[in-house]
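Chain letters run A, B, ... following the sequence lines, proteins first and then strands; every chain starts at 1.
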2 protein chains.
Amino acid sequence: MPSKPLLPIAMDAVYAAPGYLFRRMQQIAVSIFMEECKAFDLTPVQYAALVAIHTHPGIDATRLSAVIAFDRSTLGSVIERLQAKAYIERKPAPEDKRIKLLYLTKSGAAILREIIPAVERAQGRMLEPLKPADRKALMGLLAQLVDLNNEASRVPLRAEDALEHLGKGG
Amino acid sequence: MPSKPLLPIAMDAVYAAPGYLFRRMQQIAVSIFMEECKAFDLTPVQYAALVAIHTHPGIDATRLSAVIAFDRSTLGSVIERLQAKAYIERKPAPEDKRIKLLYLTKSGAAILREIIPAVERAQGRMLEPLKPADRKALMGLLAQLVDLNNEASRVPLRAEDALEHLGKGG
DNA sequence: CCTAGATCGTCAGTATACTGTCAATCAACA
DNA sequence: TGTTGATTGACAGTATACTGACGATCTAGG
C-alpha cells in the first residue's frame, strides 16, 4: 500500500463528495428510466417536456425551459426531435411573431398515456433499495435542497413566474 | 383554472419525482463547481480523473473509467483534453501493447494541489442550505442508495475489482 | 502453433447541457 | 415617431454520457 499520499486527497474524498454522489445518482436514474421506457424511445427530458406541454398547452419554448428547469439552447433540439416524432406541433403566435406555441398532437397524448406506468416503475426502482421511511426522508431533503439552491444554476425564470402570463387568470 | 386534466399526470408529479430531483441537483452541483473553479478551467469529471490518476499512478483508461464510474467511450476525450493541457501523460505499457498507462505531470499535480480549496468550497456550497444534521442524513442516504444501485448503470467493473491487478500487493 | 474468445483503445452516432452570439421582433420611452 | 433595450428562437462551440462497432492485441485451449 502507498505509505503516504503526496496530496491530502484520495479517492475516498471523491466518493463521499456530494458532487460525485449527485452525478452518480443521476447516471443511475437515467439508466433505470431508459431501461423501463426503452419500448417508447423517449428520454427523461423528452418525457418531462411532453408532460409540461400537456399541462400547459400553447406554452412557448422559453417558458417551457423554465418550467422543466432546462437550458433554452438545448431545448431547441429536444423540441425538434419531439416534432420529428410527431408528438408535438408548433404554431406561430398571432400577436407575437417571435414566438412559436407548442401543442401536443394526438399521438403525443397517446404515448404520454402509454408511457406513464413505465415511468412510475422507473421512479419506484430508483428508490427501491431504501426502506420506505428512508425514501421519504431522502426525497424530502432533496426537494428542499433543490428548492433552496434553485438560483445556483442558470434557469432564466422560476417556474411560477414563467407561467404568470400564460392561461391562468386570463 | 383547468377543471380536470386529460391525463392523470401534471407537473407536480414531475417535480416530486426522484428522477427530476436527481437531474436538477446534478445541474446545480455542476453549476456551483464550475463557478468556484472557473479560474482553473477544469470540469468536475476532469477533476475526478486527475484525483484518480494521482491516487493510482500508472492506471489504464479502462480501469480509470471504473474507478470514477465513467463511461469508457467518453473517457477518451476527457483524457485527450487533460493531455492537451499537459496535466497528464500516457506511456505505452511494456508488457501489453494495447494499454497506455496514465501519469500525472508536474503541472497536473500542481493544479490538483491548487484547486482543492475551491473544490471543497464548492462541495460545501452544494449542501449549505441544509441544516448540518440534514446534510449528514442526505449524504448518508444517497451514498447508501448509490451503492445499492451500483449495477443499475453500465460500469464494466466495480472500482475494487478494477484495482485488483494494479500496483497494490505487487 | 493456431484459432476462439476476451480485452484495449478508438470511433461513429445520438442526446443532453452549458456559454455566448445573432437577427428578428417587440415594448417603452424620449 | 424613432431609437434604445429587452425578448425570442436559432446557432456555433465545447463537454459530458450512452450504445454499438471496429481493429489490434492478448490469453486459453486444443
Is the phosphate of [N], meaning OP1 or OP2, less than 4.0 Å from a side-chain N or O of [X]?
X        : N      : value
A:Arg81  : C:dA15 : yes
A:Gln27  : D:dT16 : no
B:Lys100 : C:dT10 : yes
B:Arg63  : C:dC8  : yes
B:Thr74  : D:dA15 : no
B:Gln26  : D:dA17 : yes

### Query
Any donor-acceptor pair under 3.5 Å linking the side chain of B:Thr105 with the backbone of B:Tyr87?
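A pair under 3.5 Å: yes.
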query = Would you say B:Ser31's side chain and A:Ala152's backbone share a donor-acceptor pair under 3.5 angstrom?
reply =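 Yes; judged by distance alone, with no hydrogens or angles, the pair exists.
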message: Heavy-atom nearest nucleotide on DNA chain D for A:Arg23 versus A:Ile99: which residue maps closer to 5'?
response: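 Looking at DNA chain D, the more 5' nearest nucleotide goes with A:Ile99.
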By nearest heavy atom, map B:Ser31 and A:Gln46 onto DNA chain C; which one lands nearer the 5' end?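 Closer to the 5' end of DNA chain C: A:Gln46.
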Distance in angstrom units between [X] [atom1] and [N] [atom2], rounded:
X       : N      : atom1 : atom2 : result
A:Phe40 : C:dA15 : CZ    : P     : 18 Å
A:Leu75 : D:dT8  : CG    : P     : 13 Å
B:Ile28 : C:dC18 : CD1   : P     : 10 Å
A:Phe70 : C:dC18 : CZ    : C1'   : 11 Å
B:Asp41 : C:dC18 : CG    : P     : 18 Å
B:Arg24 : C:dT16 : CZ    : P     : 17 Å
A:Phe33 : D:dT19 : CZ    : P     : 15 Å
A:Asp71 : D:dC11 : CG    : P     : 15 Å

In the structure I gave you, are the side-chain heavy atoms of [X] and [Y] within less than 4.5 Å of one another anywhere?
X        : Y        : value
B:Met11  : A:His56  : yes
B:Leu101 : B:Ile59  : no
A:Asp60  : A:Lys100 : no

Quiz item: Ring centres of B:Phe22 and A:Phe22 under 6.0 Å apart?
Solution: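 No.
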Side-chain donor-acceptor pairs of residues 121-134 of chain B under 3.5 Å, sequence neighbours excluded:
| residue | atom | partner | partner atom | Å |
| --- | --- | --- | --- | --- |
| B:Arg121 | NE | B:Glu36 | OE1 | 2.9 |
| B:Gln123 | OE1 | A:Gly19 | N | 2.9 |
| B:Arg125 | NH1 | B:Glu36 | OE2 | 2.9 |

_Measuring from the side chain of B:Ser73 (C-beta onward, heavy atoms only), which nucleotide among D:dG20, C:dC8, D:dT16 has the closest atom?_
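Closest of the options to the side chain of B:Ser73: D:dG20.
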Worksheet item: C:dT10, C:dC11, D:dG9: which one has an atom nearest the side-chain heavy atoms of B:Arg90?
Response: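 Nucleotide nearest to B:Arg90's side chain: C:dT10.
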Can you tabulate the close N/O pairs, meaning under 3.5 Å, that link protein atoms to atoms of nucleotides 24-26 of chain C?
| residue | atom | partner | partner atom | Å |
| --- | --- | --- | --- | --- |
| C:dT25 | O2 | A:Arg98 | NH1 | 3.3 |
| C:dC26 | OP1 | A:Lys97 | N | 2.6 |

Check your understanding: Under the 3.5 Å rule, do the base of C:dG9 and the side chain of B:Thr62 count as making a donor-acceptor pair?
Key ->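 Absent.
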Checklist line | Test item: side-chain donor near acceptor, A:Gln27 and A:Arg24, under 3.5 Å | finding: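 Short answer, yes.
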